[in-house]
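Below is one structure; the comments refer to it alone.
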Amino acid sequence: MTSEPIFDLAHLGHMELLTPKPDESLKFFVDVMGMTVSGQKGESVYLRGWDDYERYSLKLTAAKTSGMEHMALRARSPQALERRVAALKGSGFDIGWTDGDMGQGPTFRCRDPDGHIVELYYETEWYQAPPELKPALKNQAQRFPARGVNVRRLDHLNCLAVDIKANRLFFENYLGLRTTEQIVLNDGTEAAMWMTMSNKSYDFAYTRDHYGKAGRFHHVTYALDSREEILRAADIFLENGVHIETGPHKHAIQQTFFLYVYDPGGNRVEVANAGARLILAPDWKPIVWTEEERRKGQAWGLKTIESFHTHGTPPV
C-alpha cells in the first residue's frame, strides 16, 4: 500500500544569489535580463521578472564569492507550513524559525543532506506595480519592460550535490516533492534528479558535483514565452558581451529549450522555454535515463559541453 502523497508545498518562490561583483551583476540582471528592482536592504537588491506575482524572485547579495545562499519554497497554507516544520524538527536537517525577509512572513530554515539552505514560508507580499509599471491587463503582475531579454518569471534552479540519492529522499520524505526524471548510472548510482511541487515538470534539479564538493550551485533559470525569444536572447547576450556557455538548443531530459550564460559574478544563468510539458498524472513514475542515453548528448545531438559538468559556484 502506497502512502498518501504530500502536497504541502506550492512552488519555488525565490533564491538568494551571491556575487563578488555586485554592481556589474545588478547591471546584468536589470539591463540585459530585463528584471525590475523591487527593493534594497543592506548589501542586497531584490529583483523580479515582469510576471512574478510575489514582490521578488531573486535576492542578489554582495559577497566575497559566488553561489547560492538559499532557496525559498512557498507552502500552500499556514497549516501546510506547520506540517512540514513538524516533520523536519528533530530530523537533524532543521535550523529553525526566522522572522522572514523583505515581503516574507515567518520562515523556517533547514538544510538538505548536502548543506544547501532551504527556506519554507507561506506569508508573502503580492507585488503591487507603481503607476508607471501598471500593466494594461489586470491579470498580469507588471507592465512588459521592453528591456533586454525581458524574462517573465522564475522557472527553476539547479544545485550540485555529492549524494543525489540522499537529497532525493530528503525532498521526497520531508518536503513531499515528486521526482519526475532522473539519471542512474550503470553501477546504480543516482547522478541527477528533477523534482516538482505542482504540475510543472520540475521546480528544481540536483546534479552530481564533479569535484565531490558539498553545497555548490549550478544555475538559476528564468522563463521566456517562446523558443524564438530564446534565439533573440542569444543575440542580446552577444551584443552585450555576455559569455554564452552553450545553446540555444533543446534538452533531452524535460525537453526544455535552453540557453546558458554566466553573470559577471561567475554564476550560471539560464533562459528557457519549457514548452507545454505538464505532469498531470497523480501516479507519475520517474523517467530514468541511463549512462548510454546521456552520452548521446542533448535532444538534437549537441554534445554536452565539458564546462556544464565542471563549472559551479562558488568555484573550487
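Just the heavy atoms: all of them, side chains too, but no hydrogens, waters or symmetry mates, feed the values below.
- Under the 4.5 Å side-chain heavy-atom criterion for Ile, Leu, Val, Met, Phe, Trp and Tyr, Phe93 and Ile95 are members of distinct hydrophobic clusters.
- Taking all atoms of both residues into account, the shortest heavy-atom contact from Leu18 to Ala63 is CB-CB, 3.9 Å.
- When the shell of 6.0 Å around CH2 of Trp300 is examined, it contains more than 12 heavy atoms from other residues, nucleotides or ligands.
- Side-chain polar atoms of Gln142 and Thr36 form a donor-acceptor pair below 3.5 angstrom.
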* Taking it one step at a time, do Glu54 and Ser38 satisfy side-chain contact (heavy atoms from CB on, under 4.5 Å)? -> CA-CA 10 Å; Glu54 294 180 271; Ser38 59; over 6 Å; no

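- Between Leu88 and Phe170, some side-chain heavy-atom pair lies under the 4.5 Å cut-off.
- Other residues, nucleotides and ligands contribute at most 12 non-hydrogen atoms within 6.0 Å of the CZ atom of Arg111.
- Once rounded to the nearest 0.5 Å, the distance linking CZ of Arg84 with CG of Leu9 reads 7.0 Å.
- Checked against the 6.0 Å centroid threshold, His218 and Phe308 count as a close aromatic pair.
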* **Pair Gln298-Lys250, side-chain contact (heavy atoms from CB on, under 4.5 Å): steps then yes or no** => CA-CA 6 Å; Gln298 302 306 322; Lys250 178 180 175 177; over 6 Å; no

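- Using a 4.0 Å cut-off between charged side-chain N and carboxylate O, Lys89 and Asp94 make no salt bridge.
- Note on Tyr202 and Met71: separate hydrophobic clusters, where clusters join Ile, Leu, Val, Met, Phe, Trp and Tyr whose side-chain heavy atoms are under 4.5 Å apart, directly or indirectly.
- Of all non-hydrogen atoms in Ala234 and Pro248, the two that sit nearest each other are CB-CG, 4.0 Å.
- Contact of the Leu157 side chain with the Phe217 side chain is registered, since non-hydrogen atoms from C-beta on lie closer than 4.5 Å.
- Within a 6.0 Å sphere centred on CZ of Arg232, heavy atoms belonging to other residues, nucleotides or ligands number 12 at most.
- Without hydrogens or angle criteria, Arg55 side chain to Trp126 main chain gives no donor-acceptor distance under 3.5 Å.
- The two residues His249 and Gly301 come nearest to each other via the heavy atoms NE2-N, 4.1 Å.
- Of the charged side-chain nitrogens involved, none lies within less than 4.0 Å of a carboxylate oxygen, so that Lys213 and Asp209 do not count as a salt-bridged pair.
- For the pair Leu259 and Ile244, the minimum side-chain heavy-atom distance is below 4.5 Å.
- Although no hydrogens or angles enter the test, the distance criterion places no donor-acceptor pair under 3.5 Å between the side chain of Arg208 and the main chain of His309.
- Of all non-hydrogen atoms in Glu292 and Asn186, the two that sit nearest each other are OE2-ND2, 3.0 Å.
- Side-chain contact between Glu24 and Thr19: absent, with no pair of heavy atoms (C-beta onward) separated by less than 4.5 Å.
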* To do: Given side-chain contact (heavy atoms from CB on, under 4.5 Å), test Met197 with Arg74 step by step and report yes or no.
  => CA-CA 10 Å; Met197 291 164 248; Arg74 190 177 183 208; over 6 Å; no

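- Residue Tyr127 is not grouped with residue Met102 when hydrophobic side chains (ILVMFWY) are merged at heavy-atom distances under 4.5 angstrom, including chains of intermediate members.
- The main-chain N or O of Gly105 is found under 3.5 Å from a side-chain atom of Thr107 such that the two form a donor-acceptor pair.
- For the pair Leu12 and Leu73, the minimum side-chain heavy-atom distance is below 4.5 Å.
- Checked by atom type and distance alone, the side chain of Asp203 never pairs as donor or acceptor with a backbone atom of His156 at under 3.5 Å.
- Across Glu172, Arg168, Lys285, a single residue satisfies side-chain hydrogen bond (donor to acceptor under 3.5 Å, both in side chains) together with Thr179, and that is Glu172.
- Side chain of His116 to backbone of Leu160: a donor-acceptor contact under 3.5 angstrom is found.
- Linking Ile, Leu, Val, Met, Phe, Trp and Tyr residues whenever their side-chain heavy atoms come within less than 4.5 Å places Leu154 and Met195 in a single cluster.
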* **Step-by-step side-chain hydrogen bond (donor to acceptor under 3.5 Å, both in side chains) determination, Asp155 to Thr221** => CA-CA 6 Å; Asp155 189 80; Thr221 302; 5.9 Å; no

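- Interatomic distance, CG of Asp112 versus CG of Leu169, reported as 12.5 Å (0.5 Å rounding).
- Between the side chain of Asp51 and the backbone N or O of Arg152 there is no donor-acceptor pair closer than 3.5 Å.
- By the 4.5 Å heavy-atom criterion applied to side chains, Leu26 and Leu47 are counted as neighbours.
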* Evaluate side-chain contact (heavy atoms from CB on, under 4.5 Å) for Arg268 paired with Glu245, printing each intermediate quantity in order. => CA-CA 9 Å; Arg268 183 185 284 105; Glu245 181 187 36; 2.7 Å; yes

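- With rounding to the nearest 0.5 angstrom, the CD1 atom of Ile117 is 8.5 Å from the NE2 atom of His70.
- Tyr260 and Val32 are members of different hydrophobic clusters when ILVMFWY side chains are connected at heavy-atom separations under 4.5 Å.
- Across all non-hydrogen atoms, the minimal contact from Gly265 to Ser25 is N-OG, 3.4 Å.
- For Asp99, the CG atom sits in a loose shell: 12 or fewer heavy atoms of surrounding residues, nucleotides or ligands are nearer than 6.0 Å.
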* List the steps, then state whether salt bridge (charged side-chain N to carboxylate O under 4.0 Å, His left out) holds for Glu291 with Arg295. => CA-CA 6 Å; Glu291 267 187 70; Arg295 286 199 191 102; 3.0 Å; yes

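- In this structure, Arg153 contributes its side chain and Ala223 its backbone to no donor-acceptor pair below 3.5 Å.
- At distances below 3.5 Å, not a single donor-acceptor pair connects side-chain atoms of Trp97 with backbone N or O atoms of Pro106.
- Using the six-membered ring where Trp is involved, Tyr262 and His243 have ring planes that are tilted, between 30° and 60° apart.
- Rounded to the nearest 0.5 angstrom, Asp235 CG and Ile230 CD1 are separated by 12.0 Å.
- Summarising the geometry of Asp263 relative to Phe29, their closest heavy-atom pair is OD2-CE1, 4.1 Å, with the distance given to 0.1 Å.
- Ring orientation note: the planes of Tyr121 and His14 are tilted relative to one another, at an angle of 30° to 60°.
- Between the side chain of Trp50 and the main chain of Asn150, a donor-acceptor pair closer than 3.5 Å is present.
- The shortest distance between side-chain heavy atoms of Glu123 and Leu81 does not fall below 4.5 Å.
- At distances below 3.5 Å, at least one donor-acceptor pair connects side-chain atoms of Arg48 with backbone N or O atoms of Asp52.
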* Derivation and outcome, salt bridge (charged side-chain N to carboxylate O under 4.0 Å, His left out), residues Lys41 and Glu16 -> CA-CA 13 Å; Lys41 184 171 67 177; Glu16 182 176 1; over 6 Å; no

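- Considering only heavy atoms from C-beta on, Tyr222 comes within 4.5 Å of Ser57 through its side chain.
- Between Tyr56 and Tyr46, the ring-plane angle classifies as perpendicular under the 30° and 60° cut-offs.
- The CE atom of Met33 sits 5.5 Å away from atom CZ of Phe237, with the distance rounded to the nearest 0.5 Å.
- The environment of NZ in Lys21 is sparse: at most 12 heavy-atom neighbours from other residues, nucleotides or ligands sit within 6.0 Å.
- A distance of 5.5 Å separates CD1 of Ile279 from OG1 of Thr180, quoted to the nearest 0.5 Å.
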